[in-house]
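First the structure, then my questions, so here it is.
Quick note on labels: first sequence line is chain A, next is B, and so on, each numbered from 1.
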Amino acid sequence: MNYKELADLIFPDAKEISYYEEKYPRRNLPEGAVVIRVAPSPTGNVHIGTIFQAMVNRKVASQTGGVFYVRIEDTDQKREIEGGITQIIQSLKDFDIEADEGMINETESKGEYGPYRQSLRKDIYQAYAKYMIELGKAYPCFATPEELEEIRAKQEAAKVRTGYYGVWAKYRNLSLEEMAEKIKAGVPYIVRFKSNGREDKKIKHKDIIKGNVEFPENDQDIVIIKSDGLPTYHFAHIVDDHLMGTTVVTRGDEWLSSVPLHLQLFQEIGFKAPRYAHTPTLLKNDNGNKRKISKRKDPEAAASYYQEQGIPSLAVKEYLMNIANSSFENWRRQNKDASIDDFDFQLNKMSVSGALFDMVKLNDVSKIVVSRYTAQEVYDESMKWAEKYDNELVEMLSNKEYSLKVLGIERGNVKPRKDIAKWSDVKDNIIYMYDDKFLNSEQEYPYQTINEKQEINKILDLYIEKYYNENDDKQTWFDKIKELSGELGYAKEVKEFKANPDMYKAHVGDVSTVLRVALTGRTNTPDMYEIMQVLGKDSIIKRFEKAKN
RNA sequence: GGCCCCUUGGUCAAGCGGUUAAGACAUCGCCCUUUCACGGCGGAGACAUGGGUUCGAUUCCCGUAGGGGUCACCA
């Protein structure tokens, strides 16, 4: 019995690896082109960290003329959920991130290096596992869960490292004949890597983000093929990233400690290892402690949360880009209207340690992003959001021509208003502009300094009768409010009032506030001139009448 | 517990042996202004800690503390 015969016994149907090596030739790309991927598991709610990862990868690939692809890591059937792939694809689409290759829906993919779904690559992994056995670098292991538990218990009692390694690897040194015998007898087994690493020796690695790190060599005989015939992450990583030609692996830094294993695997199987970039984790503050944003506990961990809240995906991307490369913020200030795609992202400039996800800052970024949008864009995005989450807003927006005017108030100025951070803010921001909402509802009038009914009515009446003209330009319009103020015994200028408070009842600002409140039911609104222009004379008169009653 | 990574204001962060230790968000005050927002000006606020090395450490080395990760037939 030799290794080859053992390998044939275990994987009688597996192809030679040369078949796959030829089927998936090395990519022909220009010098410096980076092939990079995001490899999520279809386990439900897509994590915002996956989006972070994908965004960064997309940039790296684009900037270097490389390839960005999506690979689905579904080798753990227990955790898989139905429609998981669709969710991932949808989330990427929501954030406007397009892959060059990979899954495009639950079953289909694009690109020449597929399947891009690991559960469909079983034959491939088995061929390479067989190859490992032929090389004498992998072997069948017959340990039952109970035996493994027993080994662990002994190790803990002896206060030594736990795991399946060295003298503890009880099936590692079975003779080939013994192995074959058990297999023929139908004893269940899995396939393990036969590690020649030594725990007392160090391995150095230069990570693109973390820099130089040093670890003990791996000496664990880790499982490469599970009892269901599918590979573990470690083995799938080696085979897939080799075959798919990945040049840079970005992944969360929880993987950093398995770098020695992966490097060892690449070396033992004889493939060139990719470079690694371990990205920092997104954290959140939990009672004074930092911790990883968790899918289970934190709604904001889900990529879909941002859609639901109506936070523009561009805002989320700008915020994340800021975390990725802090120079982004400066660049953005200098290139206010440039596309985020033009920013020169540097993987190696990424922060080494995890950042607390700051919703307040996101909100600020979002306000700026939205302030750059045209009325039409705000309209389209709000409508898209409202169609899923807010019927009343849909109803309001369905009056498109009018809504565009409303959303256009103080938009496009040099210093645009920044009062919308989320699409869910829009309704409250504009609802008072709609007559059918405003006139037909019970209305609060939070008058301020001037608050006597009689006086208010006098102001409203006189304004309409004598001063209001819808064709006035802004200056004339405001001059008239000053005139109105003067006629009724209010100071025409605030400064004048402040200098001589006893000579006047109040000042022009207070009069304006009366008009504003009567018109909108609010003390805080955008520019009143523009509001009145949009409202038009009929509406203004109706609103004043309502206020008087 | 073993191994590994990290530690600059409340938060995100520049900084690579000599700086008055940037900037952004948040916060406070003032100004602009018919309100709010925007904008402008200004304030408060930081190098976890103890040892080295050095003429000089936020920056380099070691220890300590704190935080995080990882030790599966999960990824």
Notebook entry, point to check: Do A:Phe266 and A:His205 have their ring centres less than 6.0 Å from each other?
Noted result: no
Margin query: Among residues at least two apart in sequence or on other chains, which ones pass side chain to side chain donor-acceptor pair (under 3.5 Å) with A:Gln443?
Written below: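 A:Ser441.
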Next item on the list: Take the angle between the ring planes of A:His262 and A:Trp255 and call it parallel below 30°, perpendicular above 60°, tilted in between.
Entry: tilted
Note to self: Counting only side-chain heavy atoms from C-beta out, which of B:U11, B:C73, B:A24 sits nearest to A:Asp358?
What the structure shows: B:U11
Item checked: Inter-nucleotide C1' distance (B:G45, B:U11), Å rounded ->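 It works out to 12 Å between them.
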Check: Can you tell me how far C1' in B:U33 sits from the matching atom in B:A44, rounded to whole Å?
Finding: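 The answer is 27 Å between these two C1' atoms.
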Checklist line | Ring-face cation of A:Arg192 near A:Tyr171 (centre distance under 6.0 Å, axis angle within 45°) | finding: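 Checked: cation-pi criterion not met.
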Notebook entry, point to check: Does a side-chain heavy-atom distance below 4.5 Å link A:Leu261 with A:Gln220?
Noted result: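 Not in contact.
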Check: So, is A:Lys361 close to the B:U27 phosphate, meaning a side-chain N or O under 4.0 Å from OP1 or OP2?
Finding: no
Margin query: Quick check for you: among B:C71, B:G23, B:A75, whose closest atom lies nearest to any side-chain atom of A:Asp76?
Written below: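 Of the candidates, B:A75 comes closest.
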Next item on the list: Measure from CZ on A:Arg192 to P on B:A72 and round the result to the nearest Å.
Entry: 10 Å
Item checked: Value in whole Å for how far the C1' atom of B:C5 lies from NE2 of A:His278 ->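 Result: 11 Å.
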Check: If we take the C1' atom in both B:C30 and B:G66, what is their distance in whole Å?
Finding: 40 Å
Next item on the list: Examine distances only and state if a side-chain atom of A:Lys505 and a backbone atom of A:Leu488 form a donor-acceptor pair shorter than 3.5 Å.
Entry: yes
Margin query: Run through RNA chain B and report every stem of 3 or more consecutive Watson-Crick or G-U pairs, distances under 3.5 Å, ordered by first number.
Written below: B:1-7 with B:65-71, B:10-12 with B:23-25, B:27-31 with B:39-43, B:48-52 with B:60-64
Checklist line | 5' priority, RNA chain B, between A:Gly163 and A:Arg79 [closest heavy atom] | finding: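 So the residue in question is A:Gly163.
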Notebook entry, point to check: Residues in side chain to side chain contact (heavy atoms under 4.5 Å, CB included) with A:Asp344, at least two apart?
Noted result: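 Partners of A:Asp344 by the side chain to side chain contact (heavy atoms under 4.5 Å, CB included) criterion, ordered by chain and then number, come out as A:Gln63, A:Gln346.
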Check: Under the ring-ring contact (aromatic ring centres under 6.0 Å, His included) test, which residues partner A:Phe328, sequence neighbours left out?
Finding: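 Per chain and number, A:Phe328 pairs via ring-ring contact (aromatic ring centres under 6.0 Å, His included) with A:Trp331, A:Phe343.
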Next item on the list: For residues A:Thr144 and A:Glu147, determine if any side-chain heavy atom of one lies less than 4.5 Å from a side-chain heavy atom of the other.
Entry: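 Yes; the side chains approach each other to less than 4.5 Å.
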Check: Near RNA chain B, under 4.0 Å by heavy atom, which residues of residues 345-357 of chain A?
Finding: A:Ser351, A:Val352, A:Ser353, A:Ala355, A:Leu356
Note to self: For residues 37-48 of chain A, which residue pairs pass the salt bridge (Lys or Arg N to Asp or Glu O under 4.0 Å) check, not counting sequence neighbours?
What the structure shows: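 Found A:Arg37-A:Asp241.
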Notebook entry, point to check: Looking at residues 142-155 of chain A, who's got a heavy atom less than 4.0 Å off RNA chain B?
Noted result: A:Ala143, A:Arg152
Next item on the list: Compare every heavy atom of A:Ala138 with every heavy atom of A:Ile224, then report the nearest pair and how far apart it is.
Entry: CD1-CB, 4.0 Å
Check: Relative to each other, are the rings of A:Tyr128 and A:His242 parallel, tilted or perpendicular (30° and 60° limits)?
Finding: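 Rings of A:Tyr128 and A:His242: perpendicular, as their planes differ by over 60°.
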Check: How are the rings of A:Phe544 and A:Tyr463 set relative to one another: parallel (under 30°), tilted (30 to 60°) or perpendicular (over 60°)?
Finding: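 Ring orientation, 0 to 90° scale: perpendicular.
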Notebook entry, point to check: Should the ring pair A:Phe438 and A:Tyr445 be called parallel, tilted or perpendicular, given that the plane angle runs from 0 to 90° and is split at 30 and 60?
Noted result: perpendicular
Checklist line | C1' gap between B:U20 and B:C12, integer Å | finding: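 Per the computed distance, 24 Å lies between those C1' atoms.
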Check: On a whole-Å scale, what distance lies between the P atoms belonging to B:A48 and B:C4?
Finding: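 Going atom to atom, P in each nucleotide, I get 22 Å.
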Margin query: Roughly how many Å apart are B:G43 and B:G2, using the C1' atom of each and rounding to a whole number?
Written below: 50 Å
Next item on the list: Starting from the 5' end of RNA chain B, give me the residue, A:Arg161 or A:His234, whose nearest nucleotide shows up first.
Entry: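 Nearest nucleotide further toward 5': that of A:Arg161.
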Next item on the list: Sequence neighbours left out, what passes side chain to side chain contact (heavy atoms under 4.5 Å, CB included) with A:Lys317? Give chain and number order.
Entry: A:Met55, A:Phe95, A:Asp96, A:Ile97, A:Ile340
Notebook entry, point to check: Whole Å only: how far is the CZ atom of A:Arg117 from the P atom of B:A75?
Noted result: 15 Å
Check: Say you pick atom C1' in B:U59 and the same atom in B:A14; how far apart are they, in whole Å?
Finding: 13 Å
Notebook entry, point to check: Separation of A:Ile222 atom CD1 from B:C74 atom C1', in whole Å?
Noted result: 13 Å
Note to self: Could you work out, with side chain to side chain contact (heavy atoms under 4.5 Å, CB included) as the rule, every residue matching A:Gln475, not counting sequence neighbours?
What the structure shows: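 For A:Gln475, the residues satisfying side chain to side chain contact (heavy atoms under 4.5 Å, CB included) (neighbours in sequence not counted) are A:Asp473, A:Asp479.
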Show the distances under 3.5 angstrom between N or O atoms of the protein and N or O atoms of nucleotides 66-70 of chain B.
{"from": "B:G68", "atom 1": "OP1", "to": "A:Lys290", "atom 2": "O", "distance (Å)": "3.0"}

Note to self: Just the rounded figure in Å: distance from C1' of B:C12 to CG of A:Leu282.
What the structure shows: 12 Å
Notebook entry, point to check: Is the shortest side-chain N/O distance from A:Thr232 to OP1 or OP2 of B:A72 below 4.0 Å?
Noted result: no
Check: Between A:Phe52 (CZ) and B:C12 (C1'), how many Å, whole number?
Finding: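 It works out to 12 Å between those atoms.
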Margin query: Going by the rule side chain to side chain contact (heavy atoms under 4.5 Å, CB included), which residues pair with A:Ala355 if we only count those two or more places apart in sequence or in a different chain?
Written below: A:Ile323
Item checked: Gap between atoms CG and C1', on A:Asp240 and B:A75 respectively (whole Å) ->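 Checked: the CG to C1' distance equals 13 Å.
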Check: Among the nucleotides B:G23, B:A75, B:C73, which one has an atom lying closest to any side-chain atom of A:Tyr233?
Finding: B:A75
Contact list (N/O, under 3.5 angstrom) for nucleotides 34-42 of chain B vs protein:
{"from": "B:U34", "atom 1": "O2'", "to": "A:Gly509", "atom 2": "O", "distance (Å)": "3.4"}
{"from": "B:U34", "atom 1": "O2", "to": "A:Ser512", "atom 2": "OG", "distance (Å)": "3.3"}
{"from": "B:U34", "atom 1": "O2", "to": "A:Arg516", "atom 2": "NH2", "distance (Å)": "3.1"}
{"from": "B:U35", "atom 1": "O2'", "to": "A:Thr523", "atom 2": "O", "distance (Å)": "3.2"}
{"from": "B:U35", "atom 1": "O2'", "to": "A:Asn524", "atom 2": "OD1", "distance (Å)": "3.4"}
{"from": "B:U35", "atom 1": "N1", "to": "A:Arg516", "atom 2": "NH2", "distance (Å)": "3.2"}
{"from": "B:U35", "atom 1": "O2", "to": "A:Thr523", "atom 2": "O", "distance (Å)": "3.0"}
{"from": "B:U35", "atom 1": "O2", "to": "A:Thr525", "atom 2": "N", "distance (Å)": "3.1"}
{"from": "B:U35", "atom 1": "O2", "to": "A:Thr525", "atom 2": "O", "distance (Å)": "3.3"}
{"from": "B:U35", "atom 1": "N3", "to": "A:Arg516", "atom 2": "NH1", "distance (Å)": "3.1"}
{"from": "B:U35", "atom 1": "N3", "to": "A:Arg516", "atom 2": "NH2", "distance (Å)": "3.4"}
{"from": "B:U35", "atom 1": "N3", "to": "A:Thr525", "atom 2": "O", "distance (Å)": "2.9"}
{"from": "B:C36", "atom 1": "O4'", "to": "A:Asn524", "atom 2": "OD1", "distance (Å)": "3.4"}
{"from": "B:C36", "atom 1": "O2", "to": "A:Arg417", "atom 2": "NH1", "distance (Å)": "3.1"}
{"from": "B:C36", "atom 1": "O2", "to": "A:Arg417", "atom 2": "NH2", "distance (Å)": "2.9"}
{"from": "B:C36", "atom 1": "O2", "to": "A:Thr525", "atom 2": "O", "distance (Å)": "3.3"}
{"from": "B:C36", "atom 1": "N3", "to": "A:Arg417", "atom 2": "NH1", "distance (Å)": "3.3"}
{"from": "B:G39", "atom 1": "OP1", "to": "A:Lys418", "atom 2": "NZ", "distance (Å)": "3.0"}
{"from": "B:G39", "atom 1": "O2'", "to": "A:Lys415", "atom 2": "NZ", "distance (Å)": "3.3"}

Notebook entry, point to check: Going by the angle between their ring planes, with limits at 30° and 60°, are A:Trp423 and A:Tyr373 parallel, tilted or perpendicular?
Noted result: parallel
Note to self: Distance check, C1' atoms only: B:C25 and B:A65, in whole angstrom units.
What the structure shows: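 After rounding to an integer number of Å, I get 30 Å for this pair.
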Check: When the distance from NZ of A:Lys202 to C1' of B:G2 is rounded to whole Å, what number comes out?
Finding: 11 Å
